Amino acid sequence: MGESGIPSLVSLCIEAVKNELVGGDDLLPIIKELPRNLVDILASRLPPLALEKLQTAVPFDDRDDHDFADEGLRNGRKRGRSWNFSTAWKILVKSRWPNLGNQIEPIDWQQMYWETHLQNCLDEVAEIASLPSFDGRLGEIGISDSILKLIGFEGCMDTSTCDYSKLYHHCQQFGYYARCLRLQNVLCSAEISHLLRKSLLQSLELRWIRSKEHIDGLCKLLNQNSESLTSLEFIHCKLSSDSINAICSSLATKNVQTHGIKNFSINTSNFLETNPVSLPLGLVSFLSSGRSLYSLKLSDNHLGRNFAKLVFGTLLNASSSLSILDLSDNNISGWLSELYWRSPSGPPTPLGIGKSFQSLRVLNLRGNNLNKDDADGLRYALVHIPNLEVLDMSDNPIEDAGIRSLIPYFVEASEKCFPFADLMLENCELSCNEVTYLIDTLSTLQRPLKSLSVADNDLGSQVAAALGKLLSTSIQILNVEGIGLGSSGFQELQDGITKELKLVKVNISKNRGGIETANFLSKLISMAPELVTVDAAYNLMPLKSLTTICSALKAAKGNIERLDLRGNIWDYQPGYASMHADIQCNGRPVLILSSSPTPDAPYDDDP
Ligand SMILES: *[C@@H]1O[C@H](CO)[C@@H](O)[C@H](O)[C@H]1NC(C)=O
Ligand SMILES: *[C@@H]1O[C@H](CO)[C@@H](O)[C@H](O)[C@H]1NC(C)=O
Ligand SMILES: *[C@@H]1O[C@H](CO)[C@@H](O)[C@H](O)[C@H]1NC(C)=O
Ligand SMILES: *[C@@H]1O[C@H](CO)[C@@H](O)[C@H](O)[C@H]1NC(C)=O
Ligand SMILES: *[C@@H]1O[C@H](CO)[C@@H](O)[C@H](O)[C@H]1NC(C)=O
Ligand SMILES: *[C@@H]1O[C@H](CO)[C@@H](O)[C@H](O)[C@H]1NC(C)=O
C-alpha cells in the first residue's frame, strides 16, 4: 500500500503476477527477467504451491548469496536459494503448524513444509483406508479440500476428478522432501514403496503393523531406503519371528551385508512365538552386524528374562558399539543373576570373561520387576560396562538389600575414574537408613554423581541431613519428589546449605513441607546461582510462601527459568499470575501457578 492507502503500482502488479502464477505457468519466463527485489516481494506473498513453482523455475544460482549453508546438499535438483525464500517458507510453516520448529530450528524450512504436508496427507488417507468398506488404491484417495486450499491449490472445480487432489500426486510432487515419516499399518501395502519412490527416508515410525501383508509392503519400502535409513521405530506392533527376520534382512544395504541403522526401537509391542533358547536369526545378525547401531530400545514388549539375556549376550559377543540400551517395562527378573557364575566357594565369576561392552553409556532397566538378587547380579554385569554413565533402576522392588549390593560398584566406579554420573532409583522400596548410607557414601566419592533420583521412596524427614551433605558436593540434578521430607526435613535441608551449590535442577514436589518449603527455596535460590528448574508442586504451601519465594527470586536475579508451584493450598486465582508476571526469564514467566495453559507446547503437534 502507498502512503495514502491507495495501492502502489508495484503492489498491484505483484498481485496480478501472483494470481497468474497460482493459475498457470505462462508468466515464468517473464519472472525470470524480473529484478531480484521484485521477486523477493513476490515470494513473500505467494501460497506454497506457487512459491514452490517460482523457486523451482527461477535459477538464482548466479546472483544468489553464496553463503547459504544448504546449497549443494540437494543432489540432482539444483535450485535457487535466497534468504527471503527461506523466510517465506518459515512463515508458511509457522502459519500452518504454529508449534513446528519451536525446539530445533530446521536447516531447511521448505523441506519441513512439504514433509509435514505429505505427512498430513498420509494421515488423512490412512483414516479413509482404515474403513472396512475401503477397497482400492491408496494413491487414488483424494486429499481434502481444506488441505488443498492450505497449499494454495485452486485449480479445477470438481476436486474429486482432479489429479491434484489425489495422494499419488502429492507423493510425486513432494515425496522428494520426505525424510522422516510416520506410517500406520494400512499405509504399508504393496503400493507404498511405489508411492514413496522419490523419497530418501532417514527415519520411519511404524504403528500397528500386525499382518503379513503389512510386513511385505513395509519390507519393500525398507529395502528401497536401506541406504538412507538411520532410525526405525515400531509402536503397537505384533511381530512374529518371520516378520522380524524379514524386517532385519530388508535393512541390509546392497553391497555390504550390514545395515546403517543408528536408532532401533520396538515399543509397546508383542513378539510372537518367542523361543527361550534363541532369538530370531535375523535379529541376531542385525544386532551383530552394523557398527552404526547407537541406540536399541525394546521397551514394554512383555519381554521375558530369556529374551533379555539373549539380547545382552548377542550384543556382548559381537562387541557391539551400542551406546544406549533400553529394556524398560518388561518382566526380566532372574536374568541378571545368570550373567555370572557363583561358585560355592570363591568369588563370583562373570560369564564371557574378557568380553566387555565398552561403548554402552546408558542402561535403562526401569519397571522390570527386578529384585535384590537381580541388583546383586547387576553389580557383576556392570563389570562388563566400564563406560556406563546413566543407570535407571526405577520402579523395581530391589529394596535395601538390592542397593547394598550396588554401593560397592559406585565406590569402585569412582576410584577407577569410570564416567558413571547419573543414578535413578525411584520407587525402589528403599528405607531411610539404606538411602542415608547410600547418600553418605556418594557424598564422599572422589568423583561425585552429577544426578541422583530417589523419588517416590518412603524415606521421611530423617534423610534430610544426608541430603544436605550431598547438596554440598558438585551434584547438579536432584529428584526427591514424594519422599516424605515434611516441614522438619525442609528445615534441616535449609540448615545444611552452608556454601554455594552447583545445583541446576531440583525436584522437591509432593513433600508436604508447608511454609518451610518456601523458606528452603528462598535460601536455595540465593545459594545456587546456576539453578534453572525447580519443581516444588504439591507441598501444602500457604499463600504467604508466594511472597517469600518471589522476593528471593527478585533478589537473586539468577538463571531460574521455571519454578513449578502448582497444587499448593492457596486457591489459585488468575490474579496471582499477573501479579507475578514481571518475574521472567527469556521473556517467559518463571512461576507456574496453574495447570493451564500448558507451559511447554509439544514440538510435533499437528493441528
Ligand atoms: C528481502 O526482501 C525485501 C523486500 O520484501 C528486501 O527489502 C530485502 O532486501 C530482501 N532481503 C534479502 C536478504 O534478500
Ligand atoms: C537417535 O537417538 C538419539 C538419542 O535417543 C537422538 O539424540 C538422535 O537424534 C536419534 N537419531 C535419529 C537419527 O533419530
Ligand atoms: C514408547 O512410545 C510411547 C508413545 O506411544 C512414548 O511415550 C514412549 O516414550 C516410548 N518409549 C520409548 C522407550 O521410546
Ligand atoms: C556368546 O558366546 C558364547 C561363547 O563364545 C556362547 O556360548 C553363547 O551362547 C553366546 N551367546 C549368545 C547369546 O549368542
Ligand atoms: C513375569 O515373569 C515371571 C517368570 O519369569 C512369571 O512367573 C510372571 O507371571 C511374569 N509376570 C507378568 C506380570 O507377566
Ligand atoms: C519430579 O519428579 C517426578 C517423579 O520422578 C516426575 O514425575 C516429575 O515429572 C518431576 N518434575 C519435573 C519438573 O521434572
Side-chain angles (χ1 to χ4, degrees), residues 270-271 274-281 283-289 300-320 327-341 350-357 364 366-371 373-374 377 381 384 392-397 422-428 430 451-459 476-485 503-511 517 531-539 560-567 590-592 595 598-600:
N270 277 313
F271 289 91
T274 52
N275 177 332
V277 293
S278 66
L279 295 175
L281 281 177
L283 186 59
V284 172
S285 84
F286 176 81
L287 296 177
S288 311
S289 68
D300 191 14
N301 298 321
H302 311 277
L303 295 187
R305 51 193 272 189
N306 290 322
F307 202 104
K309 189 173 90 178
L310 290 166
V311 167
F312 196 85
T314 305
L315 292 168
L316 197 59
N317 277 3
S319 306
S320 164
L327 296 172
S328 60
D329 296 311
N330 291 294
N331 178 15
I332 58 178
S333 179
W335 152 60
L336 287 154
S337 54
E338 294 181 34
L339 284 177
Y340 65 96
W341 183 66
L351 297 178
I353 295 179
K355 303 222 166 94
S356 77
F357 220 151
N364 186 347
R366 185 180 265 267
N368 270 314
N369 201 20
L370 301 177
N371 58 34
D373 295 332
D374 297 308
H384 294 291
D392 192 344
M393 287 289 283
S394 301
D395 296 323
N396 288 298
D422 188 343
L423 176 62
M424 276 160 275
L425 295 166
E426 293 163 23
N427 185 28
C428 285
L430 307 178
S451 167
L452 175 72
S453 176
V454 289
D456 299 318
N457 290 287
D458 188 9
L459 305 177
Q476 292 172 15
I477 301 174
L478 179 66
N479 186 349
V480 291
E481 182 193 88
I483 62 165
L485 280 174
L503 208 59
V504 174
K505 188 172 171 188
V506 69
N507 189 340
I508 52 171
S509 60
K510 300 189 185 153
N511 272 299
T517 315
L531 197 60
V532 172
T533 321
V534 180
D535 188 347
Y538 300 95
N539 263 305
I560 300 193
E561 284 172 13
R562 185 186 154 98
L563 201 166
D564 192 336
L565 293 173
R566 282 176 288 185
V590 168
L591 294 184
I592 314 288
S595 299
T598 39
D600 291 315

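Worth knowing before you read on, the calculation uses all heavy atoms, side chains too, and leaves out hydrogens, waters and symmetry mates. Please read these numbers as outputs of a predicted model, since none were measured by experiment. Both ligands and their constituent atoms are indexed starting at 1 by order of listing.
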Between T314 and ligand 4, which residue portion shows a heavy-atom distance shorter than 4.0 Å: side chain, backbone, both, or neither?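 Both backbone and side chain.
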What atoms of ligand 6 come closer than 4.0 angstrom to any heavy atom of E426?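 That gives atoms 5 (O) of ligand 6.
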Taking only heavy atoms of E481, which atoms of ligand 6 are found under 4.0 Å from at least one of them?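 Those qualifying, in numeric order: 1 (C), 2 (O), 3 (C), 4 (C).
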If we count only non-hydrogen protein atoms and require a distance under 4.0 Å, does [atom] qualify as touching the protein?
{"atom": "atom 4 (C) of ligand 4", "value": "no"}
{"atom": "atom 14 (O) of ligand 4", "value": "yes"}
{"atom": "atom 7 (O) of ligand 5", "value": "no"}

Check the orientation of F307 and F271. Use parallel for under 30°, tilted for 30 to 60°, and perpendicular for over 60°.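 Rings of F307 and F271: tilted, as their planes differ by 30° to 60°.
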Identify the two heavy atoms, one from L310 and one from T314, that lie closest to each other, and give their separation to 0.1 Å.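 For L310 versus T314, the nearest heavy atoms are O-OG1, 2.6 Å.
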Among all protein heavy atoms, pick the one closest to atom 1 (C) of ligand 6 and tell me residue, atom and distance.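 Checking every protein heavy atom, the shortest distance to atom 1 (C) of ligand 6 gives N507 ND2, 1.3 Å.
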Looking at atom 12 (C) of ligand 4, what's its closest protein heavy atom, distance included?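 Its nearest protein heavy-atom neighbour is N317 ND2, 3.5 Å.
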Judged by non-hydrogen atoms, does N479 sit under 4.0 Å from ligand 6?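 It does; at least one heavy atom falls under 4.0 Å.
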Exam field: side chain D535 to backbone S509, donor-acceptor pair closer than 3.5 Å: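 No; judged by distance alone, with no hydrogens or angles, the pair does not exist.
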Say whether, by atom type as modelled, one donor and one acceptor occur between the side chain of N507 and the main chain of V480 under 3.5 angstrom.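 No.
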Any N or O of S509 closer than 3.5 Å to N or O of ligand 6: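 No; every N/O pair is 3.5 Å or more apart.
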Quick one: which ligand 4 atoms are inside 4.0 Å of a heavy atom on G313?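 Once the distances to G313 are compared, the set is 13 (C).
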Could you tell me which atoms of ligand 4, counted from 1 in the order shown, lie closer than 4.0 angstrom to a heavy atom of L310?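 In order of number, 13 (C).
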Quick one: which ligand 5 atoms are inside 4.0 Å of a heavy atom on N331?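 Answer, ordered by atom number: 1 (C), 2 (O), 3 (C), 8 (C), 10 (C), 11 (N), 12 (C), 14 (O).
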